[in-house]
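One structure below.
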Amino acid sequence: MNIFEERESNVRTYCRNFPDVFHKAVGSTVYSESGVEFIDFLAGAGALNYGHNNQYIKQKVISYLESDAIAHGLDLHTMAKRDFLEKFSEAVLIPKKLDYKIQFCGSTGTNAVEAALKLARKVKQRTGIFSFMGGYHGMTLGSLAISSNNGIRLGAGVTSSHVTFMPFPYGYMENFDTIEYMETVLTDVNSGVEKPAAIIFETVQAEGGVVVAPIEWMQRLRNLCDRHDILLICDDIQVGCGRTGPFFSFERANIVPDIVAISKSISGYGFPMSLLLIKPEFDIWEPGEHTGTFRGNQLAFVGASAAIEYRESINLEYEVKLKESFLNTFLNEEIACLSEKIVIRGIGMIWGIDLSDRGASFAKAIAQRCYELGLIVERVGRDDTVIKILPPLNIEMPVLRKGCSIIKQAFFDCIN
Ligand code: PMP
């Protein structure tokens with residue numbers, strides 16, 4: 001028994017499912033200490049869109065470190081922060097005609113979500129938040145309160161009184177007009193619900209089971225917020241930074257949220273970093289009103305600038321479209337037919353194989369068999385019945401094909 005087996009309780013997640021000790025990773029391949037090679041279809045839950053140890057980003061970080069530049073800058077103006085702000089504006093915001101102020105927020109995604117809730121409440125002078133069933137926004141108390149899965153909420157004493165969970169257009173709600181329902185809740189004097197400060201949504205509910213919001217639904221959501229003077233917050237933490245193709249996942253619907261939360265892959269190298277994009281008219285915080293010691297992680301700024309250069313140099317958006325087409329065809333033509341009632345959902349480089357009708361133990365067996373065959377995949381969804389495919393965006397085609405063939409083999413092995 002190693003130290004991990006001794007110390008980890010059985011409620012911890014990934015580590016239980018992937019019981020090796022890992023020591024090295026390059027691109028889309030992770031190596032265990034005992035020399036076994038794994039293809040990575042988890043990609044740091046979306047934090048490694050550019051792969052492990054991306055060589056371009058790594059060299060920029062090494063040069064920065066070797067120059068004795070500022071490693072930790074708190075909130076000071078630094079060269080690394082300036083470079084990032086300039087690059088992000090010039091390469092991402094301006095070409096998309098997006099006018100946003102940037103608020104750095106601590107280190108992880110949940111910090112950005114907390115900040116978004118805090119800001120929206122101040123802007124609108126209301127406390128309510130509408131969130132969606134199936135949504136996941138983080139583990140600190142504010143973001144947990146707006147995450148719907150009871151398995152992670154109950155017993156935490158989260159203050160749910162300000163949160164109203166609305167149905168997401170999915171599953172048993174697919175034929176239900178969820179926007180019309182929200183309209184009724186907002187206008188009917190008998191709804192018992194106060195007008196919220198904001199509605200927060202994911203364009204793809206990733207942890208919720210890879211559920212892709214329809215374009216028209218997102219446009220109607222934007223319109224609903226406009227008509228009722230409610231802020232629209234897009235949590236683009238997992239599927240932003242190019243996961244669906246364009247840099248922001250909401251671009252697909254041609255909408256502009258009032259606040260956008262970004263984290264995970266923004267730093268390019270797995271360094272913790274999170275930020276909010278805020279429409280200028282809602283940028284009302286005074287200096288010092290939202291601070292945090294690690295908002296000044298300089299290595300994250302360096303990685304983030306290099307990541308923007310890297311994605312442009314290889315035309316990542318186009319690559320994602322090609323791989324989306326491959327995954328779509330493979331999953332629908334070679335996996336969906338292997339067993340009854342397998343549902344495939346996805347977009348860009350996030351796909352789900354929904355095995356709800358086969359049950360959680362079948363999904364677990366598939367993920368475990370994949371691991372035995374050398375592939376790391378995570379299970380998501382309300383009962384962990386969806387196999388989530390989330391490779392680095394720059395995964396080489398042969399590696400992507402090999403990972404997919406492992407999934408197919410796992411199905412053969414588990415069905416027979
Ligand atoms: N929002 C979404 C959509 C996420 O997927 C996650 C992380 N899985 C978070 C928020 C929370 O981010 P973090 O774990 O970095 O706090």
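We count ligands from 1, going down the list as the structure has it; atoms in each ligand are counted the same way.
Protein heavy atom closest to atom 1 (N) of ligand 1, with residue, atom name and distance, is Asp235 OD2, 2.7 Å. With respect to atom 5 (O) of ligand 1, the closest heavy atom belonging to the protein is Gln238 NE2, 2.8 Å.
Less than 6.0 angstrom separates the ring centroid of Phe176 from the ring centroid of Tyr181.
Counting protein heavy atoms under 4.0 angstrom from atom 14 (O) of ligand 1 gives zero.
Close approach of ligand 1 to Glu207 is summarised as follows: ligand atoms under 4.0 Å from at least one heavy atom of the residue are 8 (N). Using a 4.0 Å cut-off to heavy atoms of Thr110, the atoms of ligand 1 that qualify are 11 (C), 12 (O), 13 (P), 16 (O). Near Tyr136, with a cut-off below 4.0 Å to any heavy atom, the atoms of ligand 1 are 1 (N), 2 (C), 3 (C), 4 (C), 6 (C), 7 (C), 8 (N), 9 (C). Of all the atoms in ligand 1, the ones that sit under 4.0 Å from a non-hydrogen atom of Gly109 are 12 (O), 13 (P), 15 (O), 16 (O). Shown in contact with Glu202 at under 4.0 Å from a heavy atom are these atoms of ligand 1, numbered in order with element: 3 (C).
With respect to Asp384 and Lys364, no salt bridge is recorded, no charged nitrogen being found less than 4.0 Å from a carboxylate O.
For the 3.5 Å distance criterion, the side chains of Asp283 and Tyr100 fail to qualify, holding no donor opposite an acceptor.
Atoms CD and OH, on Glu207 and Tyr136 in that order, are 6.5 Å from each other to the nearest 0.5 Å. Rounded to the nearest 0.5 Å, atoms CE (Met273) and CZ (Phe301) are 5.0 Å apart.
For residues 365-401, the ring pair (Phe, Tyr, Trp, His ring centres under 6.0 Å) pairs, not counting sequence neighbours, are Phe18-Tyr371, Phe38-Tyr371.
Within the structure, the closest approach of Lys264 to ligand 1 falls below 4.0 Å when heavy atoms are considered.
At least one donor-acceptor pair closer than 3.5 Å links the side chain of Arg243 to the backbone N or O of Met349.
At a 4.0 Å heavy-atom cut-off, ligand 1 touches Ile237 through the side chain alone.
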